[in-house]
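These notes concern the structure reproduced below.
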6 protein chains.
Amino acid sequence: MIDPQRRWRPLPDKPDYAGFLSFGGAPLAQDPEHLAGVDVAIVGAPTDDLVSDRPGTRFAPRAIRAASCSPGPHLEAGVDAFAELRILDYGDAPVVPADPVRTHDAIRRIVGEVVDAGPLPVVLGGDHSITEPCIAAIAERRGAVGLIHFDTHTDTGREVFGVEHSHGTPMFRLVDAGHVAGNRYAQIGLRGYWPGPAEFEWQQSHGIASFFMHDVRDLGIREVVERALAHAGSGPVYLTVDVDVLDPAYAPGTGTPEPGGMTSVDLLWAVREIAARAELVGADVVEVLPQAVGSADITALVAERAVREVLTGLALRRSHARTASA
Amino acid sequence: MIDPQRRWRPLPDKPDYAGFLSFGGAPLAQDPEHLAGVDVAIVGAPTDDLVSDRPGTRFAPRAIRAASCSPGPHLEAGVDAFAELRILDYGDAPVVPADPVRTHDAIRRIVGEVVDAGPLPVVLGGDHSITEPCIAAIAERRGAVGLIHFDTHTDTGREVFGVEHSHGTPMFRLVDAGHVAGNRYAQIGLRGYWPGPAEFEWQQSHGIASFFMHDVRDLGIREVVERALAHAGSGPVYLTVDVDVLDPAYAPGTGTPEPGGMTSVDLLWAVREIAARAELVGADVVEVLPQAVGSADITALVAERAVREVLTGLALRRSHARTASA
Amino acid sequence: MIDPQRRWRPLPDKPDYAGFLSFGGAPLAQDPEHLAGVDVAIVGAPTDDLVSDRPGTRFAPRAIRAASCSPGPHLEAGVDAFAELRILDYGDAPVVPADPVRTHDAIRRIVGEVVDAGPLPVVLGGDHSITEPCIAAIAERRGAVGLIHFDTHTDTGREVFGVEHSHGTPMFRLVDAGHVAGNRYAQIGLRGYWPGPAEFEWQQSHGIASFFMHDVRDLGIREVVERALAHAGSGPVYLTVDVDVLDPAYAPGTGTPEPGGMTSVDLLWAVREIAARAELVGADVVEVLPQAVGSADITALVAERAVREVLTGLALRRSHARTASA
Amino acid sequence: MIDPQRRWRPLPDKPDYAGFLSFGGAPLAQDPEHLAGVDVAIVGAPTDDLVSDRPGTRFAPRAIRAASCSPGPHLEAGVDAFAELRILDYGDAPVVPADPVRTHDAIRRIVGEVVDAGPLPVVLGGDHSITEPCIAAIAERRGAVGLIHFDTHTDTGREVFGVEHSHGTPMFRLVDAGHVAGNRYAQIGLRGYWPGPAEFEWQQSHGIASFFMHDVRDLGIREVVERALAHAGSGPVYLTVDVDVLDPAYAPGTGTPEPGGMTSVDLLWAVREIAARAELVGADVVEVLPQAVGSADITALVAERAVREVLTGLALRRSHARTASA
Amino acid sequence: MIDPQRRWRPLPDKPDYAGFLSFGGAPLAQDPEHLAGVDVAIVGAPTDDLVSDRPGTRFAPRAIRAASCSPGPHLEAGVDAFAELRILDYGDAPVVPADPVRTHDAIRRIVGEVVDAGPLPVVLGGDHSITEPCIAAIAERRGAVGLIHFDTHTDTGREVFGVEHSHGTPMFRLVDAGHVAGNRYAQIGLRGYWPGPAEFEWQQSHGIASFFMHDVRDLGIREVVERALAHAGSGPVYLTVDVDVLDPAYAPGTGTPEPGGMTSVDLLWAVREIAARAELVGADVVEVLPQAVGSADITALVAERAVREVLTGLALRRSHARTASA
Amino acid sequence: MIDPQRRWRPLPDKPDYAGFLSFGGAPLAQDPEHLAGVDVAIVGAPTDDLVSDRPGTRFAPRAIRAASCSPGPHLEAGVDAFAELRILDYGDAPVVPADPVRTHDAIRRIVGEVVDAGPLPVVLGGDHSITEPCIAAIAERRGAVGLIHFDTHTDTGREVFGVEHSHGTPMFRLVDAGHVAGNRYAQIGLRGYWPGPAEFEWQQSHGIASFFMHDVRDLGIREVVERALAHAGSGPVYLTVDVDVLDPAYAPGTGTPEPGGMTSVDLLWAVREIAARAELVGADVVEVLPQAVGSADITALVAERAVREVLTGLALRRSHARTASA
């Protein structure tokens with residue numbers, strides 16, 4: 001299944017709705033041996049047991065895959081990630097419904113397996129709690145990471161309704177556990193009515209940089225991304241995208257939508273830019289709550305394209321590196 | 001708020017979509033003192049943390065209330081439950097998202113509060129796991145109960161995916177804890193592909209009577225209800241209705257729908273018959289997963305009517321008792 | 001546009017979704033002169049200003065037309081109504097949104113126009129209030145009519161929320177005005193929680209026959225139709241079908257759905273039987289509240305087929321008459 | 001129920017989908033005595049009898065409440081309206097379906113009741129005709145008001161299809177009756193194909209300022225809001241927001257959507273700015289036509305957030321006043 | 001991947017929404033060598049280029065797989081098809097959008113490949129035209145087959161709108177080509193308005209037996225199935241199920257729905273009975289037009305269960321044969 | 001039916017949901033003689049046989065008509081196209097489902113018929129393949145045309161999945177056939193992952209100008225439109241708008257949506273500007289895939305408004321010409 005050559009072989013020419021379901025038509029595999037030589041492994045984390053409002057993101061990994069278009073050159077970036085990178089769909093973590101502890105263990109193990117084998121993991125959530133085991137698996141192997149985090153909400157609660165293991169607390173727990181370096185952690189797109197002063201004081205004490213939606217509105221996305229990249233600095237960076245950072249017009253299918261959000265034009269550019277310039281060690285796209293079939297589900301679709309921008313950014317970086325070394 | 005007279009006062013004349021949201025326009029209250037003199041208390045249990053497939057029943061209590069029609073005489077039964085009975089909407093149990101243990105404690109407490117004050121509790125789920133705290137609250141006050149259970153699934157798993165606290169296990173746990181008397185427990189509408197021989201052996205060893213959907217098809221609902229009532233016998237009986245006992249045509253909004261199910265004509269008749277003839281001590285309607293607004297959500301609508309049939313059956317029983325004693 | 005021959009010419013062969021929108025692809029016309037020689041005129045009454053719950057039936061006439069299939073022989077009845085009868089789509093009454101008085105006047109005028117010119121009017125509602133101007137237009141020309149009425153609700157309220165001009169009162173008003181002969185008026189499919197004893201007493205005093213949904217369940221639709229036909233007796237009969245007589249599984253798109261209703265198998269047969277045997281002077285199908293496009297809207301679809309059964313019944317009657325006279 | 005202290009007490013900590021349905025979880029009350037000491041009373045006006053196109057806004061008050069998030073500090077404004085203000089959910093006006101005259105009387109009475117007791121009324125429509133009784137109730141107590149009006153349409157028709165009492169005429173009627181001062185009335189977001197020259201001439205003759213959507217596009221929302229505030233001047237101002245001012249991408253659930261509209265980022269900012277700077281005496285958000293449950297209905301959601309921005313603006317004003325007086 | 005033992009190994013224990021997408025969680029394979037030793041191969045035919053009305057069945061194979069429940073014993077039949085039979089998901093035929101000729105060739109090749117290797121092919125359509133290449137592939141290897149065909153429509157048109165290669169003509173073409181023996185071909189569920197006398201005369205001349213929906217209504221499904229089995233007689237039989245044979249209440253997601261159809265209780269029983277008693281050489285389920293995700297799509301769900309009944313019938317036959325030979 | 005005067009007579013005053021279905025309530029006609037004296041003829045092309053992904057645009061012509069609002073003055077442009085121009089709804093081309101060759105011939109013939117009679121054709125697709133017969137019909141009468149093309153995709157594939165007659169190839173075929181002058185052909189809004197270098201090289205070799213979505217983002221729509229108009233130059237120009245040029249937030253109902261697209265504010269302005277300034281000889285709006293009823297379908301709605309902007313631009317041009325000549 002694995003192409004020994006530097007560039008991944010072209011994928012079979014088939015319509016998106018036919019054939020085995022995988023991300024972008026990438027090869028499917030679930031044995032660790034298939035990870036060898038792979039650049040990026042797509043992993044699903046179909047779980048939503050820890051949400052505080054509307055559930056349903058357990059259906060997202062399949063929906064994001066079903067919204068995939070075929071590989072091809074990114075018309076703005078001019079690079080085809082599937083040609084540049086060896087991309088494998090490594091299936092889903094063996095989640096356990098109604099048992100978030102075992103589910104998170106399973107996610108942590110599968111991401112660790114990927115990292116151990118070499119590929120960069122790109123995870124399809126699931127609710128935002130899955131970022132905790134994803135980053136933990138990376139950080140316990142490579143040390144604390146920087147974090148760039150697109151979201152309406154900071155997700156740095158110490159608890160939500162008294163629950164510590166929640167989709168509103170992963171970033172608190174990751175910083176608290178030393179897996180994320182607060183002074184290399186930037187949030188983009190915050191708005192709405194949560195959290196309160198206590199959480200923001202805690203954030204400040206850890207050096208976390210917050211770019212609110214009104215910063216995006218007032219400074220423009222380019223300036224915000226520059227500042228976020230500067231804050232994240234050099235060293236390994238994880239990128240997490242909660243689709244609710246988008247306005248509900250662009251991403252209606254999410255559990256805690258908040259009007260007044262980003263446009264897809266801004267988000268897609270920003271994700272690619274960050275993937276091309278930061279030293280990415282992992283990424284996820286979370287909180288997609290699909291309803292419709294295939295590309296008719298516009299939230300799964302924009303989430304798929306966000307993953308594509310991660311891949312395109314990585315491909316640009318690879319291509320630039322090759323050019324530079326030539 | 002409480003009418004001292006034997007018959008509840010007529011409700012205000014208003015369209016169903018206006019005014020405070022309550023079941024059938026019944027008075028809303030959340031203080032235990034308001035339970036005095038009440039015949040039936042409607043309680044919501046908006047939780048779905050323990051499901052194994054599609055979540056969303058946390059939205060059901062509101063949706064069922066929103067699908068309510070105004071009180072009036074049941075055209076077949078000839079009795080108006082809201083005139084005959086003092087019915088109160090006691091609000092929702094104080095559930096905690098992502099913490100099913102605290103949520104179940106809250107449900108158990110609120111149902112116990114109702115039972116202690118006198119009214120019969122009728123609970124709007126929520127997933128089917130909520131039947132466990134509901135019955136437990138009753139049984140610990142009144143002893144083991146008989147159970148009549150409409151469902152596609154037996155819900156008598158010892159575990160589902162290794163999880164013991166699940167919407168697939170409440171009936172096992174209730175029988176196992178002695179809260180439900182197995183030899184007074186009848187299931188109606190079973191079909192599909194779960195559970196397996198081990199569970200059915202366990203069921204048999206406890207004297208549980210199973211009426212499959214093919215029994216309904218072959219014997220007719222009247223004969224099945226006769227047999228179920230005979231099996232439940234005299235003594236306190238709890239009635240639980242999982243809307244997935246209906247064919248998905250009648251109840252598309254549920255988490256684990258199974259084609260080949262009951263019609264609403266049969267279910268509504270059966271529920272009323274049982275409520276009129278058994279010694280009911282509590283009831284619930286569960287596993288409604290709403291999507292649309294008001295009566296446009298046909299699953300919430302049929303669930304609301306199932307609750308109405310419970311109330312109508314109770315009213316018939318009350319009315320017959322009054323006639324008999326006259 | 002009008003074929004002078006006894007049988008209507010075959011319609012052009014085109015897919016249902018293309019070409020001018022008309023009922024079954026029938027010719028469109030809106031000038032009275034085009035009514036000459038026509039057997040049946042389809043008229044739309046797109047109004048819902050008088051509903052007490054969910055509005056939206058103003059979109060029904062277009063939706064019912066869009067759900068039309070092409071003409072062809074009815075596979076059970078063996079007759080093609082479009083070949084047997086000259087059927088014209090006479091467009092919509094010139095309704096006035098938010099002005100039900102002018103709207104009803106417009107409906108009464110257009111139905112009168114049709115009746116004056118000869119064709120039998122078949123009206124696509126709109127809410128059920130439109131039956132009042134439809135029957136009034138006929139009765140003021142031909143005298144009081146018998147009525148066969150499929151519905152969950154009797155629609156014989158004197159008022160609804162104090163409003164006399166409502167979709168819950170047309171049958172009261174029609175009987176009260178002498179347009180419908182109470183002793184030739186039969187209702188089929190009643191269920192739910194409305195109206196109350198006062199209305200049923202009034203009904204009884206006028207000799208109205210009520211067949212409840214439990215009668216349909218217990219006697220079967222054939223016996224109920226026999227009794228209804230017998231009650232309607234000889235003389236002119238109007239047929240009105242409120243799609244909420246169907247269970248919400250079969251007709252989810254309606255304003256006041258009531259579970260526990262008829263199946264489409266029963267309703268379609270009954271409508272055809274009545275149209276074939278009664279002396280029909282007009283018919284309507286009302287309370288369709290469409291949401292989806294074309295035949296994807298199953299409520300508009302079953303309403304369209306109910307109209308087809310009216311046409312097929314008329315064609316059978318015509319065909320029998322021709323055979324008998326031969 | 002009423003907190004005697006200046007700041008309203010924190011609301012109970014519960015998920016948005018549980019518990020009694022009220023705006024933002026605010027206390028529910030319907031007795032005038034409960035209005036004493038309250039700053040803002042939320043009132044529902046669930047009616048849509050006067051629309052000229054798609055109906056359904058009668059379901060909006062419940063849907064907007066169901067889309068509520070819990071109170072908390074506004075992340076841009078830095079103030080929590082529910083902490084700063086005493087906010088009460090005063091339920092719905094006792095509307096009468098199919099009787100717009102009685103319905104408008106009911107709205108006028110309930111808004112008058114609120115104004116008499118002291119709180120500022122914030123009304124959840126309903127169609128836009130409800131602005132007439134809302135403003136009339138205020139103006140007959142406090143004199144003619146200024147008006148800032150977000151909308152696609154001017155709603156200054158003298159009639160629509162010959163109907164004077166319509167959702168297209170309230171602003172004509174209010175100016176005509178002297179309840180709104182034309183020279184203090186500004187419209188924002190106009191576009192599309194209605195009304196015509198006659199209406200605009202009438203508007204000009206009354207000094208009404210119209211900011212079209214192309215003004216928003218060309219000048220930016222900040223400049224437009226400055227000009228509108230300047231036009232409204234000092235003195236009491238009423239704010240009305242028709243959600244169809246938003247592009248259908250942001251507010252698909254409305255009766256007469258018009259592409260080419262505002263973004264939610266612009267609208268939410270503008271509403272808050274106006275509420276913070278004008279001397280607000282009342283506000284409404286209208287023409288929401290909900291379809292889905294809870295926050296899944298993105299139109300109800302953005303309408304809820306528009307109300308929140310009104311509250312946040314009021315809280316800012318209060319907080320500034322307190323600071324200034326300190 | 002292939003279990004050498006007679007009984008297939010149990011499938012991994014996972015929730016239906018997680019892991020690689022396959023029918024019932026069966027192993028996925030696409031190399032012919034993996035067909036060895038397999039009893040049943042599931043094949044997708046995602047194409048709808050030849051429909052005459054609403055398209056979209058190209059999404060059905062994925063949707064049917066996504067609606068799969070886990071294996072388990074059929075509660076009525078008492079056998080677990082996945083334990084009894086070696087079932088493989090062989091993926092989709094390599095269809096070509098907008099090129100029905102190449103698509104049908106691809107379907108014919110893949111079915112032929114399955115038949116050559118031994119397994120019985122069960123095909124997930126796709127529109128009904130796919131039955132032509134499926135049966136052709138079988139018949140050219142095993143001779144003319146009998147056919148039992150559930151459908152609203154006969155699909156024996158010589159052309160539809162002048163098009164010979166259509167989803168309305170496969171049965172004409174198969175009989176005409178000698179692949180289906182007309183005198184062993186039975187149709188069940190016919191209704192509606194198509195086709196006309198010419199087609200029925202042709203059918204009669206070939207000995208095709210037609211059971212109309214009114215036969216199902218009048219005789220009952222058991223008698224109809226007996227007669228159909230008797231007509232099909234001994235020898236190889238193919239079973240094709242167009243989901244539009246169901247009433248739109250049960251299968252709203254289909255291209256040409258026709259009210260007045262079968263219930264799922266009847267269809268599922270009938271399919272199992274036929275699979276258990278006829279000498280099945282292949283089967284398909286077609287015309288599913290999915291809209292929603294997973295089991296929320298009730299049409300894909302009932303189609304999946306129809307396939308399950310085929311498998312269960314085959315397992316019963318196998319199990320009986322084993323018992324008989326013991 | 002045809003008004004001999006220069007200005008078309010005002011249309012009847014009716015709500016949009018009532019009366020015969022036509023574009024903007026324009027007169028309906030299908031006889032060529034009715035084209036005389038007409039300025040613009042609206043033609044439907046309800047076909048989607050050549051799509052490579054989600055089908056359903058065959059329902060678009062009806063849906064676009066149903067989303068029509070009544071005529072009136074464009075509030076920004078100050079002109080009422082229906083007053084300025086004689087606009088006729090010429091119905092649909094007689095398409096043949098599943099036979100794209102005959103369908104395209106039918107479209108070519110009907111557009112030719114319109115062009116021969118004088119009016120400018122404005123075509124409602126259908127998938128984008130319909131642009132080929134539309135332009136061909138014009139070019140064979142008037143010579144090669146310039147083309148301004150809004151789209152995500154270039155549609156200049158030589159084949160898609162090996163199919164030459166596809167909705168991904170019309171622009172290649174039109175340039176290749178000499179019907180479109182490559183050096184007067186400008187594309188606006190390109191993004192995503194298709195096509196590849198070969199197609200762009202071919203485009204360059206023909207002088208085609210491509211404005212990507214990142215050009216719109218970076219230069220602004222006004223500059224892009226200036227450059228596109230300059231590229232198209234003088235001489236006849238055809239305008240084609242694929243609604244997928246819009247972001248899926250604005251046009252979710254389309255077959256191959258691509259996030260990161262245009263806003264409706266930009267598109268509607270651009271279309272009007274082009275229609276006012278270029279020498280338009282025809283236009284189409286394609287790839288609308290409707291789901292909902294009337295204006296509830298926001299994609300059909302924005303498509304309708306795009307057509308309105310074409311008409312408004314033409315009216316402006318006419319009005320300017322009249323002024324200039326006065």
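Letters A, B, ... are given to chains in the order of the sequence lines, protein chains preceding strands, and every chain is numbered from 1.
Counting heavy atoms from C-beta on, the side chains of F:V38 and F:I87 never come closer than 4.5 Å. Residues C:S22 and C:Y90 are not in side-chain contact: their nearest non-hydrogen atoms beyond the backbone lie 4.5 Å or more apart. Annotation: side chain of C:R86 is not in contact with side chain of C:V40 (no heavy-atom distance under 4.5 Å).
For the atom pair NZ of C:K14 and CZ of C:F20, the computed distance is 10.5 Å after rounding to the nearest 0.5 Å. C:L246 contributes atom CG, which lies 8.5 Å from atom OG1 of C:T152 (distance to the nearest 0.5 angstrom). Atoms OG1 and CG, on C:T47 and C:D92 in that order, are 11.0 Å from each other to the nearest 0.5 Å.
Contact residues of residues 94-127 of chain C toward chain F are C:V95, C:P97 (heavy-atom distance under 4.5 Å). Using non-hydrogen atoms only and a strict 4.5 Å limit, the part of residues 57-64 of chain F facing chain C consists of F:R58, F:F59, F:R62. Listed by sequence position, the residues of residues 252-259 of chain F in contact with chain C number zero, using a 4.5 angstrom heavy-atom cutoff. Applying a 4.5 Å heavy-atom cutoff, the residues of residues 282-311 of chain F that approach chain C are F:P290, F:Q291, F:A292, F:V293.
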task: Report the C-alpha separation of C:R54 and C:D48 in whole Å, then their side-chain angles, then the decisive distance to 0.1 Å, and conclude whether the salt bridge (charged side-chain N to carboxylate O under 4.0 Å, His left out) test is met.
output: CA-CA 9 Å; C:R54 193 154 54 113; C:D48 56 14; over 6 Å; no

Intermediate values then yes/no, side-chain hydrogen bond (donor to acceptor under 3.5 Å, both in side chains), C:H128 and C:D151: CA-CA 10 Å; C:H128 219 155; C:D151 205 336; 3.2 Å; yes

field: Trace of the side-chain hydrogen bond (donor to acceptor under 3.5 Å, both in side chains) decision for F:S70 with F:D16
entry: CA-CA 6 Å; F:S70 299; F:D16 300 330; 2.8 Å; yes

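No side-chain donor-acceptor contact under 3.5 Å links C:S129 and C:H165. C:H167 and C:D155 are not linked by any side-chain donor-acceptor pair at a separation below 3.5 angstrom, with hydrogens and angles left out of the test.
In terms of non-hydrogen atom pairs under 4.5 Å with chain C, the most contact-rich of F:G56, F:A45, F:G19 is F:G19.
Smallest separation of non-hydrogen atoms from C:A26 and C:F82: CB-CE2, 4.2 Å. For F:V43 against F:A93, the heavy-atom pair with the smallest separation is CG1-N, 4.3 Å. Across all non-hydrogen atoms, the minimal contact from F:H34 to F:Q30 is ND1-N, 4.5 Å.
Between the side chain of C:D89 and the backbone N or O of C:F23 there is at least one donor-acceptor pair closer than 3.5 Å. Here the side chain of F:D31 pairs no donor or acceptor atom with the backbone of F:E33 at under 3.5 angstrom. Although no hydrogens or angles enter the test, the distance criterion places a donor-acceptor pair under 3.5 Å between the side chain of C:T169 and the main chain of C:S166.
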